[in-house]
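For reference, the structure is listed below as structure tokens.
Each residue takes its place number in the sequence, starting with 1.
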Amino acid sequence: MKNYQPKYRWKISEQQKTILIYIHKFRFVSTDILAEIFGKDRSTIYERLSVLEKQRYILKQHDSSYRLRRRLATYCIAPLGIRTLKDDPRVEQISLRQSYRNRSLTEEQIDDCLQAAQIYLHFRRHYLKQFDCFTKYQLDRDKFIRPTPILSIHGQTDKIPDYLVDIVPARLQTWIIRKRIIQHENFAEKSEKYYPHVLFIAGNNNTEKRIVRLTEERYNDFSFYTTTMERLLGGDTKKIWQDPDVFSELEDNEEPKRATLLLRLEK
């Protein structure tokens, strides 16, 4: 079947370019994600994505099996969209070039992108006026440990601390978690400015407990905070973070009190 090639493409608008930038921000998105970001209903976002798809700026990932499996359609940048964002100062160019491989990503990798977007939305809902959030696709990877944290959260003023976000899957081996903690500590020692606090999002409660044991009584200029993916995505509260320094003071079987993120740098 001959591929449809539009005879004419309208010059892309700034609004459409903003949509492309947000798609690149997460690499893959759904209509639900963009609807919340732009404050529009799903049908409006769907129409705007359909226009971009027909004009070959984006690709839609969807087939007949998606409906049977109740899997959402997802969207990513197409080659024309990549070329449109080339040299845009708002876009990290190395990760943009990697988007040429979007078609080769597995469903599991796409799900990771969607999960990162949901985590971003949590911080956007609760800390919109305090933080700006950048995904790993927007970061200069040479300035971060590898693999790059999924989110870098920047305080909007010099008085608000910064954070890095790592996901720790359930049942991840303890030695790998310990290695990641040491990575942060070693990178902090080489940093010329203060190192951001680290937020670990654990796959389940047992994994979070292991992280807490590994991070309590560590003497750094930054702190490790933990929560679980269920707490972060499953509720409408920002009091979900556990401080390991407080955990060490608890009695046996005493549940820790959850807190919000620190919003002021400690002197």
Heavy-atom side-chain contact between Gln16 and Gln55 under 4.5 Å: no
Pair Thr227-Gln242, side chain to side chain contact (heavy atoms under 4.5 Å, CB included): steps then yes or no: CA-CA 6 Å; Thr227 191; Gln242 182 179 168; over 6 Å; no
Any residue meeting salt bridge (Lys or Arg N to Asp or Glu O under 4.0 Å) with Glu185, in chain and number order, not counting sequence neighbours: Arg218
Under 3.5 Å donor-acceptor, Gln93 side chain and Val91 backbone: yes
Flag side-chain contact, heavy atom, 4.5 Å: Asp88 against Lys17: yes
Where at least one partner belongs to residues 219-242, residue pairs that pass salt bridge (charged side-chain N to carboxylate O under 4.0 Å, His left out), sequence neighbours excluded: Glu208-Arg231
Pairwise side-chain contact, Lys159 with Leu265, heavy-atom cut-off 4.5 Å (strictly under): no
Leu59: hydrophobic cluster co-members (side-chain, 4.5 Å): none
Minimum-distance pair of heavy atoms, taken over all atoms of Lys60 and Ala73: CE-CB, 3.8 Å
Transitive ILVMFWY side-chain link Ile12 to Ile21, under 4.5 Å: yes
Cluster check Ile182, Ile176: I/L/V/M/F/W/Y, side chain < 4.5 angstrom: no
Test side chain to side chain contact (heavy atoms under 4.5 Å, CB included) applied to Ile150 and Thr135, step by step: CA-CA 6 Å; Ile150 65 162; Thr135 72; over 6 Å; no
Worked verdict on Thr228 versus Ile201 for side chain to side chain contact (heavy atoms under 4.5 Å, CB included): CA-CA 5 Å; Thr228 62; Ile201 304 174; over 6 Å; no
From Ser99 atom OG to Ile82 atom CD1, the distance as rounded to the nearest 0.5 Å: 5.0 Å
Audit row: Arg264, Ile160, side chain to side chain contact (heavy atoms under 4.5 Å, CB included) steps and yes/no: CA-CA 5 Å; Arg264 292 191 68 84; Ile160 300 175; 6.0 Å; no
Taking distance alone, no hydrogens or angles, what donor-acceptor pairs closer than 3.5 Å link side-chain atoms of residues 25-33 to residues at least two apart or in another chain?
unit_1	atom_1	unit_2	atom_2	d
Lys25	NZ	Cys133	O	2.7
Lys25	NZ	Gln138	OE1	2.9
Arg27	NE	Asn102	OD1	2.6
Arg27	NH2	Gln98	O	2.9
Arg27	NH2	Asn102	OD1	3.4
Ser30	OG	Ile33	N	3.4
Thr31	OG1	Arg42	NH2	3.3
Asp32	OD1	Arg42	NE	2.4

Side-chain donor-acceptor pair present, Ser95, Glu92, cut-off under 3.5 Å: yes
Remaining members of the apolar cluster that contains Ile94, side-chain heavy atoms under 4.5 Å: none
Under the salt bridge (Lys or Arg N to Asp or Glu O under 4.0 Å) test, residues paired with Arg141 that sit two or more places apart: none
Taking every non-hydrogen atom, the tightest pair across Arg48 and Ile19: CB-CD1, 4.1 Å
For the student: nearest non-hydrogen atoms of His154 and Ser152, plus distance: NE2-OG, 2.9 Å
Donor-acceptor contacts under 3.5 Å from residues 109-116 side chains, at least two apart:
unit_1	atom_1	unit_2	atom_2	d
Gln109	OE1	Thr106	N	2.9
Gln109	OE1	Thr106	OG1	3.4
Asp111	OD1	Arg71	NH1	3.0
Asp111	OD1	Arg71	NH2	3.1
Asp111	OD2	Arg71	NH1	3.4

Donor-acceptor contact present, side-chain Thr18 to main-chain Glu14, <3.5 Å: yes
CG (Asp41) with more than 12 external heavy atoms under 6.0 Å: yes
Nearest heavy-atom neighbours spanning Lys136 and Thr148: CB-CG2, 3.9 Å
Ring pair (Phe, Tyr, Trp, His ring centres under 6.0 Å) against Phe200, all qualifying residues, sequence neighbours excluded: Phe224
hydrophobic_cluster_shared for Leu262 and Val165, side chain cutoff 4.5 Å: yes
Pair listing, side-chain hydrogen bond (donor to acceptor under 3.5 Å, both in side chains) test, anchored in residues 193-202, at least two apart: Asp162-Tyr194, His184-Tyr195
Straight-line distance of Arg180 CZ to Leu214 CG, nearest 0.5 Å: 14.5 Å
Any donor-acceptor pair under 3.5 Å from Thr215 side chain to Ile211 backbone: yes
Minimum heavy-atom distance Leu20-Leu52, with the two atoms named: CD2-CD1, 4.4 Å
Pairing residues for Tyr22 by the ring pair (Phe, Tyr, Trp, His ring centres under 6.0 Å) criterion, not counting sequence neighbours: Phe38
Verdict with supporting geometry, Phe131 and Tyr163, ring-ring contact (aromatic ring centres under 6.0 Å, His included): CA-CA 9 Å; Phe131 297 114; Tyr163 294 88; 5.7 Å; yes
Gln183 (side chain) donor-acceptor with Ile145 (main chain) under 3.5 angstrom: no
Approximate separation, where rounding is to 0.5 Å, of Leu34 CG and Tyr75 OH: 9.5 Å
CG-CG distance between Leu261 and Leu199, expressed to the nearest 0.5 angstrom: 5.5 Å
Check: Leu121 and Arg124 side chains under 4.5 Å, non-hydrogen atoms: yes
Heavy-atom side-chain contact between Leu164 and Ile153 under 4.5 Å: no
Test salt bridge (Lys or Arg N to Asp or Glu O under 4.0 Å) applied to Arg210 - qualifying residues, sequence neighbours left out: none
Cluster check Ile119, Tyr137: I/L/V/M/F/W/Y, side chain < 4.5 angstrom: no
CZ-OH distance between Arg258 and Tyr225, expressed to the nearest 0.5 angstrom: 13.5 Å
Rounded distance (nearest 0.5 Å) linking atom OG of Ser50 with atom CD1 of Ile45: 11.0 Å
4.5 Å side-chain heavy-atom contact, Leu49 and Tyr57: no
Full working for salt bridge (Lys or Arg N to Asp or Glu O under 4.0 Å) between Asp142 and Arg146: CA-CA 9 Å; Asp142 292 336; Arg146 299 290 183 89; 3.3 Å; yes
Pairwise salt bridge (charged side-chain N to carboxylate O under 4.0 Å, His left out) hits with a residue in residues 125-135, at least two apart: Glu36-Arg125
Heavy-atom closest contact (Phe144 atom, Pro149 atom, distance): CB-CD, 4.1 Å
Side-chain touch Arg90/Leu85, heavy atoms, less than 4.5 angstrom: no
Transitive ILVMFWY side-chain link Leu233 to Val168, under 4.5 Å: no
